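See structure below.
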Amino acid sequence: MTQTKTTKYLLAAAAPLAVMATGAAAATLDEVREAGKLKCGIHEGLAGFAAPNAEGQWEGLDVDICRAVAAAVFGDSEAVEYIPVTGSTRFTALASGEIDMLARTTTWTFSRDTDLKNEFVGINFYDGQGFMVPTALGVTSALELDGTTVCVNTGTTTELNLADYFSANGMSYEPVPIETGAEAQQQFLSGSCDVFTGDSSGLAANRATFPNPDDYVVLPEIVSKEPLGPAVRHGDSEWEDIVRWSLNALITAEELGVTSANAEALASEPQANAEINRLLGTEGDLGAMIGVEADWAKTIIMSVGNYSEVFERHVGVNTPIGLERGVNALWTQGGLLYSPPFR
Amino acid sequence: MSAETQSSAPKFRIGQLIYDTRYRAKTIQVIAGFIILSSIWWLGANIAGNLSALGKDFNLAFLSNPAGYDINQKLIEYDSKMSHGRAALVGIMNTLLVSVLGCIAATFIGVFVGVLRLSDNWVINRLAAVYVEAFRSVPLLLWIVFIFAILSEALPQPRDFRGEDATASMQLFDSVAITARGAYVPRVAFTNSISGNEVVAVKDGIVEVASGGADWALIFAALLMGSTTAYWLKRRADRMQSQTGQRPLTLPLQIMVVVVPTALILWFLGATMVQPYLKGFNFAEGTFIRKSLLALWLALSLYTGAFIAEIVRGGIMSVDNGQREAALALGLRPDKVMRLIILPQAMRVIIPPLISNYLSLAKNSSLALAVGYMDVRATLGGITINQTGRELEAMLLLGLFYLVLSLLIASVINFYDRSKQIQER
């Protein structure tokens, strides 16, 4: 009798486990279409990249990538369900199918691409790791940081670069691992750590939200390459293509001078520049090749803008974050942004 | 035809499997066994299928790859070039540290408050009740974060100790610094260390010191020898008392056999206190008890202490009041009544539920990540998973660790419990 009792408990315990294990692969595009909205994994709160505005709507550079993909798939850039993920939960969320794509200031690295089974579709922001310190600390170079206490977001490449940089320069430090951006900010502002390290754009974004931004300075050293880009699951090339070319459409639009203001006019009649026509769907049918409407790219540009508009709206010099284009300018203007041609 | 049927044994019918009590239990067991096996098989096949769909395999080789990340609190040697396995081990040590410290503190708090809760003094027993209800009724995670936030905001930063117009100062004759990063307390080191030069501290030309395992082993050996001798002295005194009725004076002797050899060894090693002092951005030297450990330890002990207090109260109330009255009638003082009569009997009721509280404390320590304490959940179950993408493997290992830890704690306390039960002859 006791035996049957035990088995009953075992069964009760096993049932929820069984429900949890569901398939994750298969055609993501079909799943997204069926759900009627794109489940997009974003930062849980980083001004300029993904943060709720005064109306409670998410906005930022990464958020606009989600909106662009939704515009391509549904013709509606608002058909997105934003799912904030932390640095340490993002890949699990993507692999398990909890999100359809990840646009969360994620550095493209070899092992993340291969071993973690993600596919990075491109780069939407070229970044590098920096250090922020209070001005009162009197430090002017990262090489003077020996013996400091450093706040670092856990589950990031930042954590690994930090260890590499300090050991390469023979310096010691005390890491304070922190799970979320908001908590890191609180610890840094309360003085629990001397240094806050992260992607330099993120540091600038954080600094802009501090009560007294002038009391803090981002040190000049950039100690790593952080190419940030959207990622999808490994093994679904069709879906990967859609996300990749949605990003490329933003960059190409800037290169061709197509903006949210003139896209409608440019699409009304075939232009002299054939690539504009192919991009906006008035010549050939690139959309059909990736399984979306012919005017997919026009919809993206109409609702999100081109890359330049996106950049200037969220992190550009006229925003509190105030970043120059720098390496994030087009290749024709001395930057690194370069999209393969629409042909 | 009919005669034949009657003479043979009644035929087995399929319905008997359910309606006949001789077979029913077996039928149910077979069916249940079949269901369990097929669900296990289904789960396994599901995992294998999904893993291969993702292009992943089941592989523990990642444990020997370089971890690449640093851990702030390490009880064993570790740097970022060591393996993920080593990082997991560092995390395990940190989990064990906070669990052991937590269990000890929670027991003291629990017994103390549990006794106070039964006090005749209205103010004291109400205060104890308020403590118990406050900590039992609010989720542990909130307490951890709350205590962490208080420590962050209320305590001074190391920079406040610096300069002419310092707003904070060190406590206890400049030996302890309590900062918002944690507490820096003095540590013992040796000028004539026998274990070489492991840690060397120099402050403004003060002599070089070191400390190592061999020094502490020597001191521990002296202490052990001393206490064994002291125990033997007590046994001898007991024996003489029961034989002659006269108890020889043993306490000064006992103190002497413990203190004298230990003091001699300390003197031989040249033991000194190394005090923390401000150096660069932080305090240097001494032992650094991090804020994350303090917050987690405090929260775990206070939370579990509240539960233990209720268990202790229940245990004490289970002892018949006649015992107390009889002891008081014999002229024992109230503290002795509690210590010699009531608590030993209450222990039999207290210990079994105590085990489950110790277990939940050890498991609750996995909330450490909330305050950035690098326990095994944060290293193996956090950063390692994130850097290697081996969720399944790491989570299974993590589950295995907590299982073994719980079984160990339970078996140790069960052993103690058996020794405390009434011996029936």
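Note that the coordinates shown come from a computational prediction; the quantities given were computed from them, not determined experimentally.
With a 4.5 Å cut-off on non-hydrogen atoms, Gln387(B) touches chain A through its backbone and its side chain both. With a threshold of 4.5 angstrom between heavy atoms, Phe288(B) approaches chain A through side-chain atoms but not through N, CA, C or O. When heavy atoms are compared at a cutoff of 4.5 Å, Ser167(A) approaches chain B solely by way of its side chain, counted from C-beta outward. Within the 4.5 angstrom heavy-atom criterion, only side-chain atoms of Thr154(A), from C-beta onward, approach chain B. Neither the backbone nor the side chain of Tyr373(B) comes within less than 4.5 Å of any heavy atom in chain A. Contacts between Ala370(B) and chain A at a heavy-atom distance below 4.5 Å involve the backbone alone (N, CA, C, O).
Using cut-offs of 30° and 60° for the angle between ring planes, the Tyr216(A) and Phe210(A) rings count as perpendicular.
At a cut-off of 3.5 Å, with distance as the only test, no side-chain donor of Gln129(A) or Ser200(A) sits close to an acceptor on the other residue. No hydrogens or angles considered: nothing links the side chains of Thr105(A) and His43(A) as a donor-acceptor pair under 3.5 Å. There is no side-chain donor-acceptor pair under 3.5 Å between Gln186(A) and Ser190(A). Checking Thr179(B) against Gln157(B) by side-chain atom types alone, no donor-acceptor pair falls below 3.5 Å.
Residue with the most contacts toward chain B among Arg90(A), Glu159(A), Glu174(A): Glu174(A) (heavy-atom pairs, distance under 4.5 Å). Put simply, of Gly191(A), Ser111(A), Ala163(A), Ala136(A), the one with the most heavy-atom pairs under 4.5 Å next to chain B is Gly191(A). Between chain B and the residues Val152(A), Thr109(A), Thr157(A), Leu160(A), the largest count of heavy-atom pairs under 4.5 Å involves Leu160(A).
Counting non-hydrogen atoms of neighbouring residues, nucleotides and ligands closer than 6.0 angstrom, the CH2 atom of Trp297(B) reaches no more than 12 such neighbours.
Taking the six-membered ring for Trp, Tyr173(A) and Tyr165(A) have ring centres at least 6.0 Å apart.
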